[in-house]
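Here is the structure we will look at, set down as structure tokens.
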Amino acid sequence: MKEETIASAFAIQGNILEIKPLGNGLINDSFKVTTDGPDDYVLQRINHAIFRDVDLLQHNIECATAHIREKLTEAGETDIDRKVLRFIPCKATGKTYWTDGNTYWRVSVFIKDAFTYETVTPDYSYFCGKAFGRFEAQLADLPDKLGETIPDFHNMELRARQLHEAVKVDAVGRMARPEVQAILAGLLPFEEEMCKAERLYREGKLPKRICHCDTKVNNMMFDAQGNILCVIDLDTLMPSFVFSDFGDFLRTAANTVAEDDPAVEKVDFRMDIFEAFTKGYLESAKVFLTPIETENLPYAACLFPYMQAVRFFADYINGDTYYKIKYPEHNLVRTRNQVALFHAALRQVPAMKAFIASL
Ligand code: GN1
Ligand code: MG
């Protein structure tokens with residue numbers, strides 16, 4: 001079906017002038033819908049193979065955005081449609097998604113004059129830290145119960161099991177390659193240590209909170225002056241450990257190169273970004289963080305490159321069924337990059353601990 005017909009199924013204002021592809025997510029397909037009305041919109045095809053329960057997904061997003069909107073209104077903020085996403089109901093059903101039983105789509109208001117970046121300066125990282133900490137704080141008293149849109153999404157024990165399963169099945173014969181075996185051998189010794197969060201959780205020492213779970217640097221919108229506007233890409237909003245948001249931001253922002261840069265020798269973990277982000281994050285998150293959570297932030301900075309390496313690697317072994325790829329070895333290149341980042345972060349753990357203690 002044509003994107004235009006689908007966009008017209010939603011209660012949008014004005015006539016559609018143009019629909020063009022937007023952004024570079026690895027999961028959903030996004031389009032910008034330009035209209036002659038007051039707003040433009042983002043039309044997204046939700047990847048239903050990955051998000052099995054679209055009803056739950058949109059329920060989570062609606063509860064969270066309504067809650068944040070309320071808080072912004074209470075605080076007397078203006079220009080609220082640029083500070084929190086607004087989803088448009090479908091004309092026929094009133095739901096914030098449309099489906100033909102096969103594909104799933106949704107529409108949100110396009111945030112005007114806003115920018116996303118693939119890399120950030122320390123100054124921007126500081127504001128991102130403040131914003132993600134505030135985002136978690138705003139959701140800390142969410143009255144609604146949110147479900148896990150991808151069950152056990154950031155559960156390292158599950159991700160490790162999925163890798164072992166992929167290796168066992170070896171669906172497309174990639175385990176025959178010595179370099180693939182070498183990557184596996186390099187990952188395994190750290191597995192147990194990286195599963196620490198799940199152990200702490202089982203021991204009742206670590207809480208789950210509503211987290212964003214995809215705090216890649218490009219999921220934060222800035223205005224032209226560099227002020228933070230809004231956190232976007234809310235599909236993975238769910239109960240998780242705070243390590244998710246802290247770790248995933250640094251995984252993308254503190255890497256000296258992009259997550260799929262083949263030049264692994266250029267990968268490094270930027271402590272200037274770590275320090276700025278951590279300072280901002282702790283300023284707004286200290287109101288709810290427990291000592292165990294704070295203490296383990298350096299672990300989180302290592303866990304996320306590790307988990308991402310495991311996920312990219314398992315997908316490579318499975319024959320590239322999950323992440324969009326641009327060339328055949330893309331997932332292997334991503335894996336090597338994330339392994340290098342993991343080791344770079346690991347080397348900085350003492351410095352990270354010292355920095356947190358100094359705050
Ligand atoms: C996916 O689609 P995107 O780029 O926002 C993935 C994240 C990974 C990321 C790796 C639902 O996010 O978990 O960290 O790719 N999202 C899902 O770049 O799996
Ligand atoms: Mg994204």
Side-chain angles (χ1 to χ4, degrees), residues 21-31 42 44-54 56-58 60-61 85 104 106 108 116-120 128 132 135 146-156 158-160 162-163 166 194 211-221 230-241 243-255 257-262 267 300-316 318 320-326 330-342 345:
L22 182 73
N24 52 1
L26 301 189
I27 306 291
N28 298 320
D29 298 312
S30 307
F31 302 87
V42 177
Q44 261 191 330
R45 191 171 72 87
I46 304 169
N47 188 326
H48 180 236
I50 291 177
F51 297 104
R52 306 299 307 169
D53 189 346
V54 176
L56 171 74
L57 174 77
Q58 285 303 114
N60 279 1
I61 293 181
L85 291 178
Y104 289 76
R106 68 180 163 210
S108 60
T116 57
Y117 302 98
E118 297 299 323
T119 56
V120 281
C128 286
F132 280 125
F135 183 79
L146 301 195
E148 298 194 5
T149 52
I150 301 178
D152 288 315
F153 185 50
H154 279 167
N155 181 330
M156 189 59 233
L158 172 81
R159 298 304 182 183
Q162 288 174 333
L163 174 60
M194 288 299 119
C211 296
H212 181 282
C213 294
D214 190 14
T215 49
K216 284 166 79 159
V217 42
N218 62 13
N219 281 333
M220 183 64 81
M221 297 207 102
C230 182
V231 174
I232 58 170
D233 199 353
L234 305 176
D235 295 326
T236 51
L237 193 88
M238 63 177 113
S240 188
F241 308 125
F243 305 154
S244 291
D245 292 357
F246 186 84
D248 221 17
F249 178 84
L250 290 170
R251 183 183 72 76
T252 48
N255 191 345
V257 297
E259 70 178 12
D260 63 349
D261 195 316
V267 171
C302 301
L303 171 63
F304 275 80
Y306 184 84
M307 189 188 302
Q308 196 62 59
V310 166
R311 292 177 64 196
F312 283 146
F313 192 42
D315 196 37
Y316 177 74
N318 286 333
D320 310 308
T321 58
Y322 188 91
Y323 294 107
K324 288 182 200 164
I325 54 165
K326 293 194 177 128
H330 205 163
N331 272 320
L332 195 60
V333 166
R334 288 166 171 153
T335 305
R336 286 200 204 95
N337 178 301
Q338 296 295 291
V339 169
L341 182 66
F342 166 64

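For ligands, and for the atoms within them, numbers begin at 1 and follow the listed sequence. Everything quoted here is computed from the prediction, not taken from an experiment.
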Enumerate the atoms of ligand 1 whose separation from the nearest heavy atom of [X] is less than 4.0 angstrom.
| X | result |
| --- | --- |
| Y322 | 11 (C), 17 (C), 19 (O) |
| E259 | 10 (C), 18 (O) |
| D233 | 5 (O) |

With nothing but distance in play, are any N or O atoms of [X] less than 3.5 Å from an N or O of ligand 1?
| X | value |
| --- | --- |
| F51 | no |
| T236 | no |
| D214 | yes |
| I27 | yes |
| H154 | no |
| N219 | no |
| Y323 | no |

Inset, instruction - Inspect the contact between D245 and K216 and indicate whether a charged nitrogen and a carboxylate oxygen are less than 4.0 angstrom apart. - result: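 Looking at K216 and D245, the cut-off is not met.
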Legend entry - Residues forming a side-chain hydrogen bond (donor to acceptor under 3.5 Å, both in side chains) with S108, sequence neighbours excluded: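 So S108 forms no side-chain hydrogen bond (donor to acceptor under 3.5 Å, both in side chains) with any residue.
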Inset, instruction - Output all residues satisfying side-chain hydrogen bond (donor to acceptor under 3.5 Å, both in side chains) with N28, sequence neighbours left out; order by chain, then residue number. - result: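 In terms of side-chain hydrogen bond (donor to acceptor under 3.5 Å, both in side chains), with neighbours along the sequence ignored, N28 is linked to D235.
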Legend entry - Ring geometry between F243 and F241 (parallel below 30°, tilted from 30 to 60°, perpendicular above 60°): tilted
Legend entry - Aromatic contact, H154 with F304 (centres under 6.0 Å):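 So the answer is yes for these two rings.
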Legend entry - Worked check of side chain to side chain contact (heavy atoms under 4.5 Å, CB included) between T119 and V217: CA-CA 7 Å; T119 56; V217 42; over 6 Å; no
Inset, instruction - Return yes if a side-chain donor-acceptor contact under 3.5 Å exists between N337 and E259, otherwise no. - result: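 N337 vs E259: no donor-acceptor pair found between side chains.
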Inset, instruction - Tell me, please: is R251 in heavy-atom contact with ligand 1, that is, under 4.0 Å? - result: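 Yes, that is the case, since the closest heavy atom of the residue is under 4.0 Å from the ligand.
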Inset, instruction - Search all heavy atoms of D233 against all heavy atoms of N219 and return the closest pair with its distance. - result: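 Looking at all heavy atoms of both residues, the closest pair is CB-OD1, 3.2 Å.
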